[in-house]
Amino acid sequence: MYDPEQVELTLFLGSKTENEPINEPINADIFSIYELIKAEPTISKAKIAQRLKISLSTVKRRIDELEEKGQVKHSGPNKGGHWEILNLE
């Protein structure tokens with residue numbers, strides 16, 4: 001049996017095209033944030049932090065990474081806006 005503290009988790013988000021995988025691993029926080037945004041586009045950063053039990057500053061950093069990679073975008077005002085999952089093609 002594996003010791004959970006000694007197992008490294010590597011997750012991948014989609015691909016740029018159907019035949020070209022993204023070979024860049026992401027951490028579990030980023031994947032969880034991405035999945036929450038995908039499931040609930042109007043979710044706030046504070047709600048993400050609360051649900052994942054991580055700090056708001058961590059959520060902000062991870063979302064910045066997703067935005068820099070072109071995977072998510074926030075549209076509209078801070079209160080009442082929504083997240084968009086961007087095409088990677």
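Comment: R62 does not engage E67 in a salt bridge, judged by the lack of any side-chain N to carboxylate O separation of less than 4.0 angstrom.
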### Task
Would you please test D29 and I54 for side chain to side chain contact (heavy atoms under 4.5 Å, CB included) and show each step?
CA-CA 9 Å; D29 288 344; I54 58 177; 4.2 Å; yes

### Query
Stepwise, does the side chain to side chain contact (heavy atoms under 4.5 Å, CB included) test hold for L86 with Q71?
CA-CA 5 Å; L86 304 176; Q71 295 172 333; over 6 Å; no

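The closest side-chain heavy-atom distance from L52 to T58 is not below 4.5 Å. Taking 4.5 Å as the limit, some side-chain heavy atom of E65 sits within range of a side-chain heavy atom of I30. Residues K45 and I63 have side chains in contact (heavy-atom distance under 4.5 Å, counting atoms from C-beta outward). Contact check for E40 versus R51: side-chain heavy atoms found under the 4.5 Å cut-off. Taking 4.5 Å as the limit, every side-chain heavy atom of L56 sits out of range of all side-chain heavy atoms of Q50.
Expressed to the nearest 0.5 Å, how far CZ of F31 lies from CD of E35 amounts to 4.0 Å. Remark: L36 CG to W83 CH2 distance equals 11.5 Å, nearest 0.5 Å. Note that OG of S55 and NZ of K60 are 9.5 Å apart. Values are rounded to the nearest 0.5 Å. Taken to the nearest 0.5 Å, the OG1 atom of T42 stands 9.5 Å off from the NE2 atom of H82.
When all heavy atoms of S75 and E84 are compared, the pair lying nearest together is OG-OE2, 2.6 Å.
Other residues, nucleotides and ligands contribute only 12 or fewer heavy atoms inside 6.0 Å of the CG atom of N78.
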